[in-house]
Amino acid sequence: MLPEVIKIGGIEYRVKLVDACDEDNLNIDGKILFPNQEIRVKKGLEKQYGENILLHEIIHGIFEFCGWDQDEENVTRLSNALYQVLKDNNVFKER
Ligand SMILES: [Zn+2]
């Protein structure tokens with residue numbers, strides 16, 4: 001179950017499960033639309049894959065917030081690495 005809202009840099013992005021994230025490219029599984037304050041994730045994805053897609057879009061949002069170039073390779077590397085570390089170590093679990 002993905003969160004409904006993700007707050008990045010004071011802006012709340014609604015997380016929407018959609019049939020098509022981008023009407024012009026049906027191969028895209030996630031997309032962040034900054035002016036719409038919206039993160040789209042394709043419906044029906046497997047759990048971990050969908051979580052990874054959401055984290056990827058969140059990283060795009062963080063890059064935007066920080067004023068960094070939206071370098072797709074860096075976003076992918078960072079989101080993949082973060083997903084593994086956060087998931088495998090239960091970093092924020094109540095102890
Ligand atoms: Zn991307």
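Note that ligands are numbered from 1 as they come in the structure, with each ligand's atoms numbered from 1 the same way. Computed from a predicted model, the values in this text were never measured in an experiment.
Listed by first and then second residue, the ring-ring contact (aromatic ring centres under 6.0 Å, His included) pairs involving residues 66-95 are Phe63-Trp68 (not counting sequence neighbours). Evaluation of the ring-ring contact (aromatic ring centres under 6.0 Å, His included) test over residues 19-60, restricted to residues two or more places apart or in two chains, returns His56-His60.
Applying the side chain to side chain donor-acceptor pair (under 3.5 Å) criterion to Arg77, with sequence neighbours excluded, gives Glu73, Asn74.
Annotation: the span from Cys21 atom SG to Leu33 atom CG amounts to 9.0 Å, rounded to 0.5 Å.
Side chains of Asn52 and Asn80 form a contact here, defined as non-hydrogen atoms less than 4.5 Å apart.
Around the Zn ion (ligand 1), the protein contributes the following N, O or S atoms at distances under 2.8 Å: His56 NE2, His60 NE2, Glu72 OE1, Glu72 OE2.
For the pair Arg14 and Glu12, the salt-bridge criterion is not met [side-chain N within less than 4.0 Å of a carboxylate O].
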